[in-house]
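Reviewing the structure listed below.
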Amino acid sequence: MPGQGVLLPAQRTVDALHLTRIRDRTWPEWPRLAALAAEIAGERRVSDSWRRMVLRLVRAALSMRDADGARLVAEEYFDQLPKNGTGGAVEVLRRAGLLMPRSQPKNRWPTRSCGHCGCWGVTKGLCRGCESWKHEPIRYPVAGCARCTRTLPLSRAAALCRGCLIHVREHGPDTPGHTQLQLALGKRPVTQLKHPAHFLGYDTTATTHRTRARERARRRPAPRPVSEHLVDPQQGALFPAMRDWSRLASFTADELPALTPDAERLLDGFTRFCRAQLRFTDPNPHGHTAALRALRIVLAHLGAAAPVHEADLRDLARLDPNISAQRVIGFLTQLGHLVPAPTVDHDQAAINRLTATFPDPLRTELHHWVTVLKGEGRRRHRLLPTATIRGYLWQAAPIVRMWSEHTTTLTAITQQDIHDVLTRAPGKPARSAHHVLRSLFGALKQQRVVFRDPTRGIHLPANPPLPRSLPSNRLASLLDRAHTPLARLLVALTAIHAVLPSQAAAIPLRDLDLANGRLRLPSRTLYLDSLTTELLCTWLTHRQNTWPACANPHLLVSAQTALDPTGPPIGKTLLRNAIGRTELTARALWQDRILAEARHSADPVRLIRLFAIADSTAMRYVQAAHPEKTGRLHP
C-alpha cells in the first residue's frame with residue numbers, strides 16, 4: 001500500500017532472473033530517468049550497454065520501492081542488487097530527486113545463513129565448521145547425503161552431511177527420514193561435533209589440532225641440500241665451457257637446491273632494488289618475477305661467492321619465456337658482481353645464420369657479396385653498415401632460394417631469369433629487387449666469380465609515384481584514437497613537425513628545452529607549439545611516475561628500456577604499434593605534413609630547411625602540390 005510504513009525492512013536477494021522478469025515495467029517518471037541515464041553515459045563516455053545495465057538496476061530499485069509502499073528509493077536497496085552499475089543507478093535517481101539518503105551505515109558483510117548446514121549468523125558463505133569440512137576432502141569426501149540428498153562433504157561412517165548430522169545428534173537416532181533441518185544460530189552446534197567420538201557415526205579418527213600439526217611436521221620434506229656445483233672464486237678454470245641450463249629451467253622454487261647465506265642476501269638485495277625502481281612494496285614486485293626466477297636459479301646452482309657470468313643468464317633466459325635476465329644483468333653490473341659477455345653484432349650473427357641456410361657454392365657466392373659490401377673486396381668501396389647489408393641479404397634470400405631449385409650456382413643465372421623475377425614483383429618491389437640484384441652480381445663480377453653481369457642493360461622506367469595527402473575524415477580525432485601518452489606524443493611529432501618515430505626514438509632527453517620551447521634534432525631545431533608542449537609535459541610526468549629510477553638518456557622509453565643500464569633506444573615494434581592504433585602509418589602522416597607545407601609555400605628551399613629533406617625529395621613534393629607549375633597534371 002502506498003504510504004504504508006514498514007515495520008521490519010525486508011532483506012532481499014535480487015539476481016539476474018528477477019531483473020529479467022521485471023524488464024517490461026514502466027512508471028510515469030521512466031522517460032525522464034532514461035534521459036538522465038543517457039546524459040550520464042555521454043558525460044562518462046561509456047558504451048550503450050552501460051546505460052542499459054544502469055536502467056535495469058533503476059527498474060529493480062523502483063520495484064522494491066513500490067513493494068515497501070515508499071515514495072522515494074532508499075539507498076539501502078542497492079546493497080541487495082548486483083554491484084555492477086550501482087554507482088550510475090544511484091546518480092540517475094539522485095538527479096531525478098527520487099533518492100532517499102542512507103539512514104544506516106552500509107553493512108559490508110551482511111548476516112546470512114550457512115550454505116551447507118543452514119545455521120544463521122555467519123557473514124560469509126559457510127560457517128567455521130562447514131568451512132573446515134570443505135577443506136579436508138580426504139576425511140570428508142564430497143558426495144550425495146543419504147538424508148537430504150544434497151551433494152556436500154559427508155562423514156565417512158554415517159554418510160550424512162554436517163547439517164543432517166547435527167540434526168540427528170540433537171533429536172536422536174530415531175528421527176524420521178525427512179529432509180528438513182532444525183534452524184540454529186551459528187557457531188553453537190560447532191562445539192558439539194567435538195564431543196561424541198563413537199556416537200551416530202562421527203569420525204572416530206578425529207584428532208586435535210596439536211596432533212594434526214605434529215602429523216604435518218612429520219610429513220614435511222627434509223631440508224634441501226646445498227648445490228654440489230658451487231663455484232669457488234679461488235679455483236681457476238682449466239678451459240671455458242658452456243653450461244646446459246635446460247634441466248634447471250623447469251625446476252620450481254621448491255625443487256631447486258637451498259640458497260647459501262650470501263645468495264639469500266644477494267637475492268634480498270635484488271628484491272629491494274626492484275621495489276626502489278618502481279616504488280613497489282610487495283616482497284615479489286609484479287613484473288620482476290621472471291628476473292627473480294633467473295637470479296634464483298643461477299644462485300641456487302652456482303652460489304654467490306664468485307661473480308655471475310652474463311652468458312649463463314642469457315642462455316637461461318632463452319630456454320623459458322617466463323625467465324628474464326636483463327634487469328638481473330643491470331643489478332649485478334652495479335654491484336660489480338658480473339662477468340660481462342663479449343659484445344655480439346646481432347646483424348652480423350643474422351647474416352651468418354641466413355647464409356648458412358644455403359648449400360655450396362651458393363653460400364660461398366653470398367659470402368663474396370657480403371665481403372664486397374663490407375669494403376673488403378678486391379677494390380676499395382664505401383663501407384656499408386651491417387644493418388644495411390643484413391637488409392640486402394634479406395631481400396635477396398627468397399630470390400636466390402627460388403633459383404636454387406633449378407641451379408646450384410649464380411654463374412648460371414641469365415638475363416631471362418632476372419626479367420622473370422622483376423616481372424613477378426611489379427612496382428616498388430621490382431625496384432628494390434633490381435637494386436639488390438645489381439649489387440649482388442656487380443660484387444660477384446668484381447670478385448671474378450662471374451664473367452658477365454646478367455643485370456647489365458636491364459633498366460626499369462623511373463616514374464616514382466607522387467605523394468598524396470590524407471583525407472580529412474581520417475585525420476579527424478587523430479589524438480583521441482591514440483590511447484597512451486607515448487602514442488599521442490608520437491602522433492603530434494609526426495603530424496605537426498614531420499618527425500618519424502625512428503627519429504624520435506633517438507632524441508636524447510638533454511636536447512629538450514621546455515623553458516624556451518625548443519627540441520634539438522641532429523639536422524634541425526623544432527620550435528614547439530602549445531599542443532606539443534602539453535603532450536611532452538604529460539609524457540614526462542607519466543615517465544617519472546612510472547619509472548622514477550629511470551636513467552635512460554633517451555626521451556622516449558618503454559618498460560624494457562627504462563630500467564636497462566645500457567640505455568638502449570625504444571624498440572621499433574612498440575613505436576609501430578603505438579602509431580598503428582590510429583589506423584594510419586607514420587610515413588603517411590609524415591608525407592601529409594610535408595605536402596601541406598608545400599601547398600602553402602611552394603618553395604623547395606623552405607622545405608629543405610624546415611624538414612631537413614633532400615633537394616630531390618623537396619622538388620617531388622612541390623611538383624605534387626603544384627602540378628600546374630611543372631606542366632604535369634595528376635589525379
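In this chain, numbering begins with 1 at the start of the sequence shown.
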Pairs in or reaching into residues 389-417: which pass salt bridge (charged side-chain N to carboxylate O under 4.0 Å, His left out), with residues at least two apart or in two chains?
D347-R390
Decide yes or no for R593 and F611: does some side-chain heavy atom of the first lie under 4.5 Å from some side-chain heavy atom of the second?
yes
Which donor-acceptor pairs under 3.5 Å do the side chains of residues 490-509 make with protein atoms, sequence neighbours left out?
| unit_1 | atom_1 | unit_2 | atom_2 | d |
| --- | --- | --- | --- | --- |
| T494 | OG1 | L490 | O | 2.8 |
| T494 | OG1 | V499 | O | 3.0 |
| H497 | NE2 | D529 | OD1 | 3.1 |
| H497 | NE2 | T532 | OG1 | 3.2 |
| Q503 | OE1 | L500 | N | 3.3 |

Quick one: salt bridge (charged side-chain N to carboxylate O under 4.0 Å, His left out) partners of R51, sequence neighbours excluded?
D48
Nearest 0.5 Å, please: how far is CZ in R327 from CG in L292?
10.5 Å
Do the ring planes of W369 and Y392 sit parallel (below 30°), tilted (30 to 60°) or perpendicular (above 60°)?
parallel
With no hydrogens and no angle check, do the side chains of T409 and E365 hold a donor and an acceptor under 3.5 Å apart?
yes
How would you list, by chain and number, every residue that makes a side-chain hydrogen bond (donor to acceptor under 3.5 Å, both in side chains) with D360, sequence neighbours excluded?
R363, T364
Measure from the side-chain N and O atoms of N516 to the backbone N and O of R518, and report whether any donor-acceptor pair falls under 3.5 Å.
no
Per the side-chain hydrogen bond (donor to acceptor under 3.5 Å, both in side chains) rule, what does the pair list look like for residues 482-492, sequence neighbours excluded?
none
So T386 and K374, do their side chains get closer than 4.5 Å, heavy atoms only?
no
Contact check, side chains of R378 and R448, non-hydrogen atoms, under 4.5 Å
yes
Please, which pairs that meet side-chain hydrogen bond (donor to acceptor under 3.5 Å, both in side chains) have at least one residue in residues 568-580, sequence neighbours excluded?
none
More than 12 non-hydrogen atoms from neighbouring residues, nucleotides or ligands closer than 6.0 Å to CZ on R609, yes or no?
no
Is any side-chain heavy atom of V436 closer than 4.5 Å to one of W394?
no
Heavy-atom closest pair (R318 atom, D315 atom, distance to 0.1 Å) is NH1-OD1, 2.6 Å
